[in-house]
Structures are given as structure tokens and as C-alpha cells.
Amino acid sequence: MTKKTKSQLAILKAAKDCFWKYGINKVTVEEICEKAGVSKMTYYRSFANKKVVAVMVLKDVINRSEQLYDTIMAKEIDFPQKMKEVVLLEYEFSRGISQEFIADIMNNEEEELQQLIIEANKNGQEKFIQHLKAAQKEGWVRKDLHFPFLTYMMNDINKKLRDEKLMAMYESTEDLIMEMVNFFFYGIVSPEKLK
């Protein structure tokens, strides 16, 4: 699909809002259409089914996240400041996200959605590790940091998002994600003390 029409953009925005709040599986095409203010006929003129919309929404979120991350990492600021901005970026992208959405993404049987998430995680991790290695050379990251361990821990954090006991400790998925992000970047030390 090339340039999107006003209706297509409304459908994609409505779908993202609904998916974020209720998960992909629970949302119907009818609900997306109602929120977008379009008819089902208009929807099906542009999209074959809900899966196509889910893929487009995820691709858009992934691309936007990658662009914003790249913008942060290209800034002429020190590495700790970049990491603070990355934490804020994670917060922005996790705002309003539901446990249902996380579960639908992590446990989705649709191969295209699975591949999209696997590739995004792999590419994001590789890019992040490269930035950490560069920061390590500049003295911002511990010299003894073992990067395969770090990669393993990042993958483990993704698995923790599916842990129902852990999720039950937080009021929202957003709170859990931010706890994980802050723990990953700052450990148990107050970020204010790292200034």
C-alpha cells in the first residue's frame, strides 16, 4: 500500500488504539470501524482482514520506535543522557498498553506477526549492543560487561512479560514494563544519584 487515504489512516489509528487496550484477538473489525468512523465496506476495500491491519500497525509502531531510537543515539549528548531519553521513549511506547496485547503478540500463532516481532527484537538488540560497545570504548560502560549475558537477559525480560504472577504485582502492564526498563538500565540505584 502506498500513500494512505484518510479512511485508511483512521482505521489504522483506531486499530492501534483498540489493540493496545484490548489485545488483537478480542478486537473485532466492527469495533475498529466504529472507532474509526467508517463502514465495514470502506474497511474491506482497503484491508483483506484484521491480520493485515495488525501487521501494518505493528510495522508502523516498530518503524516509529526505531526512528526515534536512532534519532536519540545520533544526538551530540553523552551516553547516560541518551539512555535517559531511551527510557523515556520506552515509557511513551508502553503507555496504555494492555496485558492482553502483550499476550497476543508473544503467543500469536500467525507466523507473519511472530516473524515481525522476532526480527524487530533481533535488530533492536543488535543495534543496542553496537551502541553499548561504542559507549564501552568511550568509558561509559563497564569494560568487563559480557555482551552475550546482556543479550540473554534482554531475551529473558521479554519472557517475563508473560509471567502472570509478576504481572499481578503491578496495576498495569505499563508499570511492569517501566519497572523492567528502569531495572535494566539503573539496577537498584536511583537514576538521580547517577547524574
Side-chain angles (χ1 to χ4, degrees), residues 1-4 8-9 12-17 19-21 54-99 101-102 105-106 113-161 170-195:
M1 186 178 294
T2 55
K3 187 169 177 161
K4 296 175 184 81
Q8 291 165 338
L9 290 171
L12 292 170
K13 177 167 180 354
K16 180 192 177 276
D17 292 347
F19 293 160
W20 234 239
K21 190 170 183 176
V55 167
M56 289 184 78
V57 165
L58 279 177
K59 281 182 179 179
D60 184 55
V61 168
I62 290 166
N63 290 337
R64 190 164 162 260
S65 173
E66 287 174 354
Q67 289 170 353
L68 291 171
Y69 174 81
D70 290 344
T71 299
I72 291 169
M73 298 312 287
K75 287 183 176 181
E76 294 293 326
I77 56 177
D78 64 28
F79 189 73
Q81 186 59 41
K82 289 178 183 182
M83 290 301 95
K84 286 178 188 173
E85 289 191 26
V86 168
V87 169
L88 290 174
L89 176 65
E90 288 292 330
Y91 173 73
E92 283 303 312
F93 273 89
S94 68
R95 222 167 37 180
I97 200 168
S98 67
Q99 182 61 27
F101 178 77
I102 297 293
I105 292 299
M106 299 294 197
L113 286 175
Q114 281 183 353
Q115 281 306 113
L116 194 59
I117 296 303
I118 289 167
E119 281 300 307
N121 281 336
K122 181 177 173 258
N123 293 339
Q125 281 182 4
E126 288 172 0
K127 193 182 286 190
F128 182 62
I129 295 294
Q130 289 309 114
H131 286 122
L132 286 177
K133 286 180 178 180
Q136 186 181 50
K137 288 178 185 171
E138 296 172 3
W140 292 109
V141 174
R142 288 188 357 240
K143 293 283 183 210
D144 65 339
L145 182 62
H146 188 60
F147 289 104
F149 168 78
L150 191 62
T151 301
Y152 180 86
M153 294 307 290
M154 286 191 296
N155 290 330
D156 197 50
I157 285 173
N158 286 333
K159 291 177 190 169
K160 298 288 184 218
L161 287 171
Y170 294 86
E171 285 187 36
S172 70
T173 305
E174 178 183 325
D175 291 341
L176 171 58
I177 290 170
M178 288 315 301
E179 183 80 41
M180 289 177 172
V181 168
N182 282 314
F183 185 74
F184 183 81
F185 282 113
Y186 304 119
I188 59 170
V189 177
S190 170
E192 290 78 32
K193 295 290 184 190
L194 295 175
K195 288 181 181 176

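Predicted, not measured: the structure shown is a model, and the values here were computed from it. Side chains are part of it too, since the values below use all heavy atoms of this structure and drop only hydrogens, waters and symmetry mates.
Within the 4.5 Å cutoff, no side-chain heavy atoms of Lys133 are placed close to those of Val141. Between Glu85 and Ile77, some side-chain heavy-atom pair lies under the 4.5 Å cut-off. Counting heavy atoms from C-beta outward, Glu126 and His131 have side chains that stay 4.5 Å or more apart. Looking at heavy atoms from C-beta onward, Trp20 lies out of side-chain contact with Ser98 at the 4.5 angstrom threshold. The closest side-chain heavy-atom distance from Leu176 to Met180 is below 4.5 Å. The closest side-chain heavy-atom distance from Leu150 to Phe184 is below 4.5 Å.
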Steps toward side chain to side chain contact (heavy atoms under 4.5 Å, CB included) verdict (Leu145, Phe147): CA-CA 6 Å; Leu145 182 62; Phe147 289 104; 3.8 Å; yes
Side chain to side chain contact (heavy atoms under 4.5 Å, CB included) between Arg64 and Phe93, intermediate numbers included: CA-CA 10 Å; Arg64 190 164 162 260; Phe93 273 89; 3.6 Å; yes
Derivation and outcome, salt bridge (charged side-chain N to carboxylate O under 4.0 Å, His left out), residues Lys127 and Glu66: CA-CA 10 Å; Lys127 193 182 286 190; Glu66 287 174 354; 5.0 Å; no
Derivation of the side chain to side chain contact (heavy atoms under 4.5 Å, CB included) call for Phe79 and Leu132: CA-CA 9 Å; Phe79 189 73; Leu132 286 177; 3.4 Å; yes
Residues Asn155, Gln125; criterion side chain to side chain donor-acceptor pair (under 3.5 Å); working and verdict: CA-CA 9 Å; Asn155 290 330; Gln125 281 182 4; 2.7 Å; yes
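Here Ile117 contributes atom CD1 and Glu119 contributes atom CD; the two are 11.0 Å apart, rounded to the nearest 0.5 Å. To the nearest 0.5 Å, the span separating CG on Leu88 from CE on Met83 amounts to 11.5 Å. Atom CG of Asp175 is separated from atom OH of Tyr91 by 8.5 Å, given to the nearest 0.5 angstrom. Rounding to the nearest 0.5 Å places CD of Glu174 at 12.0 Å from CD of Glu90. Note: Ile62 CD1 to Asn121 CG = 8.0 Å, rounded to the nearest 0.5 Å. With rounding to the nearest 0.5 angstrom, the CD1 atom of Ile177 is 11.5 Å from the CD1 atom of Ile157.
Under a 3.5 Å cut-off, the side chain of Asp156 and the backbone N or O of Tyr152 do not form any donor-acceptor pair. The backbone N or O of Gln67 lies less than 3.5 Å from a partner atom in the side chain of Thr71, making a donor-acceptor pair. Side chain of Lys82 to main chain of Met73: a donor-acceptor pair is present (N/O by atom type, distance under 3.5 Å, no hydrogens or angles). Remark: side-chain polar atoms of Gln136 are paired, donor with acceptor, to backbone N or O of Arg142 under 3.5 angstrom.
Leu12 approaches Val57 most closely through the heavy-atom pair O-CG2, 3.7 Å. Summarising the geometry of Ala54 relative to Phe19, their closest heavy-atom pair is CA-CE1, 3.6 Å, with the distance given to 0.1 Å. When every heavy atom of Leu116 is checked against every heavy atom of Val55, the shortest pair comes out as CD2-O, 3.8 Å.
In the displayed structure, Lys137 atom NZ is contacted under 6.0 Å by at most 12 heavy atoms of other residues, nucleotides or ligands. In the displayed structure, Glu92 atom CD is contacted under 6.0 Å by more than 12 heavy atoms of other residues, nucleotides or ligands.
Asp60 and Lys16 are not joined by a salt bridge, as no carboxylate oxygen comes within less than 4.0 angstrom of a charged side-chain nitrogen.
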